[in-house]
Number of protein chains: 2
Amino acid sequence: MYTVAEENYIKSIYHLQRHQKSVHTNDLAAELNTRAASATDMIKKLEAKGLLKYEKYYGCSLTKSGKKLALNIIRRHRLWEFFLSEKLGFGWEEVHAVAEQLEHVQSDLLTDKLDAYLGFPRFDPHGDPIPDTLGNMAAREQTPLSLWTSQAPAEVCGVGSQDESFLEMLSLKQLEIGCRLTVLRHFNFDKTVELQLATGSSFTISEMLAKNIFVKPVEV
Amino acid sequence: MYTVAEENYIKSIYHLQRHQKSVHTNDLAAELNTRAASATDMIKKLEAKGLLKYEKYYGCSLTKSGKKLALNIIRRHRLWEFFLSEKLGFGWEEVHAVAEQLEHVQSDLLTDKLDAYLGFPRFDPHGDPIPDTLGNMAAREQTPLSLWTSQAPAEVCGVGSQDESFLEMLSLKQLEIGCRLTVLRHFNFDKTVELQLATGSSFTISEMLAKNIFVKPVEV
DNA sequence: CGAAATATTTAGCCAAAGCTAAAAATATAT
DNA sequence: ATATATTTTTAGCTTTGGCTAAATATTTCG
C-alpha cells in the first residue's frame, strides 16, 4: 500500500520521464506545486522502497516496479475518467479533478471489475490510452495541430493538458475529441493556425492551443 | 473540506449516538481501533470546527452541522455499496471495505450524479437506508430475528454488522437480504433460534447471529 | 464514606509530509 | 579560470494524527 502523496509523486515522475530521461528535483517540485526540498525528501523515501533510482544532484528515474505502479495509477485514473464521462454524464473538463481523488482508491478487484463493467475501454475521454492489467496500452499516432501541415482532413484524438480552463476553451470552440477539421494555413509570424470545422465555420487559434490539440488522419 | 480521519470520527460518533445519547471517549476509540488519548485530541479539534459539543469527562454529541456531515458520508458510503454490488457484481461481503475508501471522495456533484445513475436507490445491499441530498432517509420497520416471535413468514431486510466473517457466514447459510424464512422456535436455554428457509431446509443459529439479522413481515 | 477500579485527560514523543533558510554542488558567463 | 548564478541538498521547524505513561476525574463497592 502506498500513501496518496507517494502515488502522486510516482505519477508525476512517470509523466516527466516521457520528456526528459532523468527527472530533476525542481521540475518535479513544480509539477506537484511543492518545493524542491520536499521533493528531495520524498525521492529518498521512494528510492528506499525500490520504486526509483536516485543520484544526488543529477535526478531520478523509475525502476521497473516504479513504472508498474505508475501505470496502475494511470489505469485507475483513466478508467474513472471514462466512467465519469460515459456513465455519469460529466463534462470532459470536470472529469479530471474528481478522477484525481478516485485514482487513489486501492483495490485491484475494484479496478478490474470497473474495467470489465466499462467494456475494457482503450482510451479515456481526453484521448489518452488506458493501460491494461499488465500495464500495456495502445500507442497512438498523434500530431499536434501546430505541426499538422497536411491539407487532408484531421480528427482530434487527444489533448496535451488537463487544465480546466484549456478544456473549457476547447468545448467553447467545439473542438472535442473525435471532431473533424481541416487546417487552412499556418501563419508564420505568430505561429497561429487557421482551421475549419466540419460545420463550415473557420477561425484562428493560438500557437499555445495548437500545440495542445492532437490530431490524426481521418480513418477511412 | 474534511480529512479522512475527521470524516471517520464523525461517522463513528454518529453510529454510536444511535445507542447512547452521549458518546464516550473509550467507546469511540474502540470503534476506531485507536486509543482514548487520540480520540480526546480529535474530539477537541472537531469541537473547534463546530461539528460536535464536548464536555470533559462526560462525552460528546454531534451538532446539527456534524449530523449533516455524517449523513452525507453515510450517503456516499451506501451509494457506493449499491454501485459495487449492483453494477460491478461485488459480493455483499466484499462491498464494505472498498466503500470505506470510496466514501471519502469529496464531490457533491459526483455523489448526486452517482445517485441519479443508480436510480435513486433507497436501500443499500445490506438493507440500510440511503440518505438523500437533504439527509432524509427511509425508516424501516425491522426486528432482529432474536425477537421475532410471530409464526408468519419473515423477510430478511437488514443486518446489524458489516463484519466480513459475519456476512460470509450469512452467505453460506443462504441468509441474503430479501430471503424468506419462518422461525420454528426459540430455545430458551441458549437463546438459539431454529428457522426454516423457503427452500425447505431448516437449521439452528446462535443468539449472536440472530441478534444481527433483521427481518420484517413479508409484504403482500 | 472512602478505597479501588475505571475512564478521561494531559504531557511528551513519533512519523509523514510539508515548509524556509542556509550550505553545498553544479552550471554559466565574463 | 574564476566569479556569479542556479540547482539541489541539508538542517531544523510545523502540522496532523497517532502513541505511551502519568495525572486526574468519576464511578463503584465494601
Side-chain angles (χ1 to χ4, degrees), chain A residues 1-14 16-17 19-62 66 69-70 73 100-101 103-106, chain B residues 1-14 16-17 19-62 66 69-70 73 100-101 103-106:
Chain A
M1 286 299 160
Y2 299 98
T3 66
V4 170
E6 286 168 346
E7 288 199 345
N8 282 331
Y9 270 92
I10 292 294
K11 203 176 42 144
S12 291
I13 294 167
Y14 182 87
L16 291 173
Q17 223 171 212
H19 306 299
Q20 311 125 249
K21 218 49 220 170
S22 185
V23 174
H24 299 290
T25 309
N26 255 3
D27 298 346
L28 185 54
E31 176 85 6
L32 286 159
N33 288 310
T34 182
R35 301 314 172 89
S38 309
T40 302
D41 288 347
M42 183 57 96
I43 288 170
K44 282 181 187 162
K45 193 206 286 192
L46 295 175
E47 181 176 43
K49 296 197 174 188
L51 295 171
L52 51 79
K53 280 269 154 50
Y54 169 51
E55 262 184 284
K56 268 188 176 182
Y57 293 103
Y58 171 69
C60 66
S61 69
L62 296 179
L69 175 57
I73 300 164
E100 288 284 306
Q101 291 187 66
E103 74 186 1
H104 299 296
V105 173
Q106 285 163 333
Chain B
M1 287 297 162
Y2 300 99
T3 66
V4 169
E6 286 168 347
E7 289 199 344
N8 282 330
Y9 270 94
I10 292 293
K11 200 174 46 146
S12 291
I13 294 167
Y14 182 88
L16 290 171
Q17 224 172 216
H19 307 300
Q20 310 126 246
K21 218 51 224 168
S22 184
V23 174
H24 300 290
T25 309
N26 255 1
D27 299 346
L28 185 55
E31 174 86 5
L32 286 159
N33 290 308
T34 182
R35 301 313 174 90
S38 309
T40 302
D41 288 347
M42 184 58 95
I43 287 170
K44 283 181 188 163
K45 192 205 290 194
L46 294 175
E47 182 176 44
K49 294 196 175 191
L51 295 170
L52 51 79
K53 279 269 154 50
Y54 169 51
E55 262 184 283
K56 268 190 177 182
Y57 293 103
Y58 172 70
C60 66
S61 70
L62 296 179
L69 175 57
I73 300 165
E100 287 284 306
Q101 292 188 64
E103 74 186 1
H104 298 297
V105 173
Q106 285 163 330

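First the proteins, then the strands, lettered A, B, ... as listed; each starts at 1. This structure is a prediction, so every number in the text was calculated from the model and none was measured.
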Legend entry - Under 4.0 angstrom between A:Y58 side-chain N/O and D:dT9 OP1 or OP2: no
Legend entry - Under 4.0 angstrom between A:K56 side-chain N/O and C:dT26 OP1 or OP2: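 So the side-chain polar atoms of A:K56 never come under 4.0 Å of the phosphate oxygens OP1 or OP2 of C:dT26.
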Between atom [atom1] in [X] and atom [atom2] in [N], what is the gap in whole Å?
X     : N      : atom1 : atom2 : value
B:Y9  : D:dT16 : OH    : C1'   : 11 Å
A:E55 : C:dA25 : CD    : C1'   : 14 Å
A:D41 : C:dC19 : CG    : C1'   : 10 Å
A:L46 : C:dA16 : CG    : P     : 12 Å
A:E6  : C:dA15 : CD    : P     : 16 Å
B:Y57 : C:dT9  : OH    : C1'   : 5 Å
B:Y54 : C:dT10 : OH    : P     : 6 Å

Please find the pair of heavy atoms, one from [X] and one from [Y], that lie closest to each other, and give the distance.
X     : Y      : answer
A:S22 : A:Y58  : OG-CE2, 3.6 Å
A:A70 : A:L62  : CB-CD1, 4.2 Å
A:M42 : A:A5   : CE-CB, 3.7 Å
A:M1  : A:Q106 : SD-OE1, 3.1 Å
A:I13 : A:V23  : O-CG2, 3.7 Å
A:T25 : A:A36  : CG2-O, 3.4 Å

Inset, instruction - Evaluate the side-chain proximity of B:I73 to B:Y2: yes if any heavy-atom separation is below 4.5 Å, no if none is. - result: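 No, too far: nothing below the 4.5 Å cut-off.
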Inset, instruction - Report yes if the side chains of B:C60 and B:E47 come closer than 4.5 Å at any heavy-atom pair, otherwise no. - result: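 A side-chain contact under 4.5 Å is absent here.
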Inset, instruction - Output all residues satisfying side-chain contact (heavy atoms from CB on, under 4.5 Å) with A:N8, sequence neighbours left out; order by chain, then residue number. - result: A:V4, A:K11, A:L32, A:E103, A:H104
Legend entry - Contact list for DNA chain D against residues 30-40 of chain A - heavy-atom distance below 4.0 Å: A:A36, A:A37, A:T40
Inset, instruction - Check DNA chain D against residues 20-28 of chain A and give the residues with a non-hydrogen atom under 4.0 Å, in numerical order. - result: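 A:H24, A:T25, A:N26 - these, ordered by number, are the residues of the stretch whose heavy atoms sit under 4.0 Å from the strand.
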Inset, instruction - Output the single nucleotide from D:dT26, C:dG18, D:dG18 whose closest atom is nearest the side chain of A:M42. - result: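 The listed nucleotide nearest to A:M42's side chain is C:dG18.
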